[in-house]
Protein chains: 2
Amino acid sequence: MLTQAEDRQAKIVELLRERNFVDIRTLTERFDISVATVRRDLGELEEAGLLRRTHGGAVNLNQVALDATNAARLVWKQTEKAAIAAVVAGMVVDGDTVLLDAGTTALEVAKKLTGRSRLTFISNGLDIVAELTRVDGQSIYSVGGEYTETNRSFRGPLAEQFIRQFNVDKLILNAASIDVDRGLICTVSPVNASVARAMIEVSRRVIVVADHSKFTKSSLSVVAKIEDVGVIVTDSGTKSIIDAAPEKLRKKFVIAN
Amino acid sequence: MLTQAEDRQAKIVELLRERNFVDIRTLTERFDISVATVRRDLGELEEAGLLRRTHGGAVNLNQVALDATNAARLVWKQTEKAAIAAVVAGMVVDGDTVLLDAGTTALEVAKKLTGRSRLTFISNGLDIVAELTRVDGQSIYSVGGEYTETNRSFRGPLAEQFIRQFNVDKLILNAASIDVDRGLICTVSPVNASVARAMIEVSRRVIVVADHSKFTKSSLSVVAKIEDVGVIVTDSGTKSIIDAAPEKLRKKFVIAN
DNA sequence: TGGGGAATGATCGAAAACGATCATTTTTGT
DNA sequence: ACAAAAATGATCGTTTTCGATCATTCCCCA
């Protein structure tokens, strides 16, 4: 179980991986905490070698120095995500058309797939599209729609309609939470859920990505039943939960390490 | 030919791509220049969208790596473009819906408009959308479509169809070349031209932006007649060309300085 | 070679961020 | 339920950085 502070610090590191830089004001507003707390957080994270402080904020490090203290726990999630991404990347074959849902785990997948040959990418995530453009000669489609700040994605009815014009091989779908008991994959808002369902409709195979933290929280809107997706790729922290699930659902899960 | 300053600025961008962050002291020592010059360099490079300044230094942006000469070229003509952008920004009133065509000049306009109240933005330019997201709470729509490397935009039939669903107040249209003799606004490819025409169709007022270099070259595809657009905003380098134009066309031009 | 414009450096007060300290709130363990 | 411990917020003077202005140097070209 992560404390509130650890959770916040993990989110800071995550945020930094996307943006490369965050200023202190942004952090105080996003987490609704004082500058003193932000400074303490950044101080600890710098101490742990997870970022570098600057005047007024912090920047991402390109290489993560692994340390066996509580730094390890924070890096853990990142490592897990990379592991999940590696497994998913292995499921994609040359020539595939891949639809990437906005989200940090899907972003990791994009990083792994960038440069692979003869792939076609579609995504509604701003950072994912930007990441894909780092290598020339890729075939990339961006989903149009209304920009939303929370996960830096394009969504809404325009996005849904746009997505429905495609027919893709693989969907990499982000889940905000997974309720194994009720067999449901959920997300934070009806708008997100609606876009997600459109994505599922146009995809031959649905690959859901979710690190272990997604299994112990709940979120508002139902996206799909677990039994209706192809596979859910997660990390080893979810093992006990999956073992307790009924046989029928259990075979849907793939654990990455 | 690169001047010493341009060379230095290109090196700064290069350095930033390696390290993600450089502080001002490092730069003063490496290039043996004063902090004042470093600040000026960083200021210009930020204007050009090549980095983001922080207190005490600068951070890399998540974008495609531009080679050094390309970076220097972006900084070039910055003043003209900024002047054009300022004039265009003045034409936009609060509450407007603004459609921004991909291109560096339109990007300048976006920078000027970011943070203005009650505006709604639509753009097919990746960097423009990214720029707009820097301020929270804006209403932003991204045009979906196939990504193209040349001007980092989304285009093609999907983009056209997407655009046709809107009805906007002002279009900021980028021109690859303007032929005053024949009275034509042109762009580099039929695909671009087709998207541009879709944009024109859905816009109440068309504002074309073009620095003086656009008047002495020619490009493949016709977008529109000069007489059919609302206004063309350019810089003072175009004065002699415009003075030679027939009365009817001349009144279409606005010169920024 | 000398004049003029651009680039650079130096200096200043103002603004921002800093770290340290202490008060307050929240969490934890018994 | 209570006390100890941890986390957080507020405030202080100090340090750093900023932007603007002006002086100086460099460079181009007539």
Side-chain angles (χ1 to χ4, degrees), chain A residues 1-13 15-16 19-48 50-60 69-71 73-74 216, chain B residues 1-13 15-16 19 21-48 50-59 68 71-83 86 111-112 115 134-135 235-237 257:
Chain A
M1 182 62 188
L2 286 177
T3 72
Q4 195 177 335
E6 282 169 342
D7 182 55
R8 189 181 58 235
Q9 292 183 0
K11 282 195 170 66
I12 291 174
V13 174
L15 207 60
L16 219 46
R19 303 200 190 181
N20 247 355
F21 175 81
V22 280
D23 61 28
I24 289 186
R25 238 208 27 220
T26 301
L27 294 174
T28 60
E29 286 168 6
R30 175 166 287 242
F31 299 110
D32 195 32
I33 52 178
S34 69
V35 288
T37 303
V38 172
R39 289 215 179 88
R40 268 185 287 257
D41 280 348
L42 296 183
E44 289 173 23
L45 290 169
E46 181 174 47
E47 188 71 22
L50 292 168
L51 52 77
R52 174 171 172 189
R53 293 191 65 184
T54 72
H55 274 256
V59 291
N60 188 25
T69 57
N70 83 12
R73 180 145 41 144
L74 288 172
T216 51
Chain B
M1 174 63 184
L2 288 178
T3 73
Q4 194 178 335
E6 281 169 345
D7 182 56
R8 188 181 58 236
Q9 291 183 0
K11 281 195 171 67
I12 290 175
V13 173
L15 206 60
L16 218 45
R19 303 199 192 180
F21 175 81
V22 280
D23 61 26
I24 290 187
R25 253 248 321 267
T26 303
L27 293 174
T28 60
E29 286 168 5
R30 171 168 288 238
F31 299 110
D32 196 32
I33 52 178
S34 70
V35 287
T37 302
V38 172
R39 288 214 181 88
R40 268 186 286 258
D41 281 348
L42 296 184
E44 289 173 22
L45 291 168
E46 182 174 46
E47 275 292 309
L50 293 168
L51 51 79
R52 175 170 173 188
R53 294 189 65 183
T54 72
H55 270 254
V59 292
R73 196 159 305 148
L74 259 180
V75 184
W76 195 44
K77 278 192 190 137
Q78 186 58 35
T79 49
E80 284 96 331
K81 281 179 180 165
K111 285 177 185 168
K112 292 264 194 293
R134 290 173 66 145
V135 172
D235 61 72
S236 52
N257 4 270

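All chains are named by letter (A, B, ...) in the order of the sequence lines, taking the proteins before the strands, and each is independently numbered beginning at 1. Worth knowing before you read on, the calculation uses all heavy atoms, side chains too, and leaves out hydrogens, waters and symmetry mates. This structure is a prediction, so every number in the text was calculated from the model and none was measured.
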Under 3.5 Å, which protein N or O atoms sit close to an N or O of nucleotides 4-6 of chain C? Give each pair with its distance.
none

Enumerate all atom pairs, one protein N or O and one N or O from nucleotides 21-23 of chain D, separated by less than 3.5 Å.
none

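Taking atom CG on B:D41 and atom C1' on C:dG9, their separation rounds to 13 Å, with Å as the unit. A straight line from CD of A:E44 to P of D:dT8 spans 9 Å, rounded to a whole angstrom. In this structure, CZ of B:R8 is placed 14 Å from P of D:dC26, rounded to the nearest angstrom. Across the protein-nucleic acid pair, B:D23 atom CG and D:dT16 atom P stand 13 Å apart, rounded to whole Å. As rounded to whole Å, 12 Å separates atom C1' of C:dA16 from atom CZ of B:R39. Spacing between atom CD of A:Q9 and atom C1' of D:dA6 amounts to 13 Å, rounded to whole angstrom units. Atom pair A:R53:CZ and D:dT15:P shows a separation of 17 Å (rounding to whole Å applied). Rounded to an integer number of Å, the gap from B:H55 NE2 to C:dA17 C1' is 7 Å.
Annotation for A:Q9 and A:D41: closest pair NE2-OD1, 2.8 Å, computed over non-hydrogen atoms. The two residues B:L27 and B:V22 have their closest heavy-atom pair at CD1-CG2, 4.0 Å. Here the closest heavy-atom approach between residue B:L51 and residue B:A58 is recorded as CD1-CB, 4.0 Å.
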Between B:D235 and B:K81, does a side-chain contact (heavy atoms from CB on, under 4.5 Å) hold up when you go through it step by step? CA-CA 8 Å; B:D235 61 72; B:K81 281 179 180 165; over 6 Å; no
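B:T28 meets the side-chain hydrogen bond (donor to acceptor under 3.5 Å, both in side chains) test with no other residue; sequence neighbours excluded. Scanning for side-chain hydrogen bond (donor to acceptor under 3.5 Å, both in side chains) contacts around B:S236 gives an empty result, with sequence neighbours left out. The side-chain hydrogen bond (donor to acceptor under 3.5 Å, both in side chains) test applied to A:T37 returns A:S34, not counting sequence neighbours. Under the rule for a side chain to side chain contact (heavy atoms under 4.5 Å, CB included), the partners of A:R52 that lie at least two apart in sequence or sit in another chain are A:E46, A:V59, A:L61, B:F21, B:D23. Applying the side-chain hydrogen bond (donor to acceptor under 3.5 Å, both in side chains) test to B:R25 and every residue at least two apart in sequence or in another chain returns B:E29.
Rounded to the nearest 0.5 angstrom, A:N20 CG and A:L15 CG are separated by 11.0 Å. Distance check, rounded to the nearest 0.5 Å: CG of A:L45 to CZ of A:R53 gives 10.0 Å. A distance of 7.5 Å separates CD1 in A:I24 from OG1 in A:T54, rounded to the nearest 0.5 Å.
Between the two ends of the helix from C:dT1-D:dA30 to C:dT30-D:dA1, each summarised by a five-pair axis, the helix axis turns through 50° (rounded to 10 degrees).
Taken residue by residue, residues 24-34 of chain B places heavy atoms nearer than 4.0 Å to DNA chain C at B:D32, B:I33, B:S34.
Counting heavy atoms from C-beta on, the side chains of B:F31 and B:V38 never come closer than 4.5 Å.
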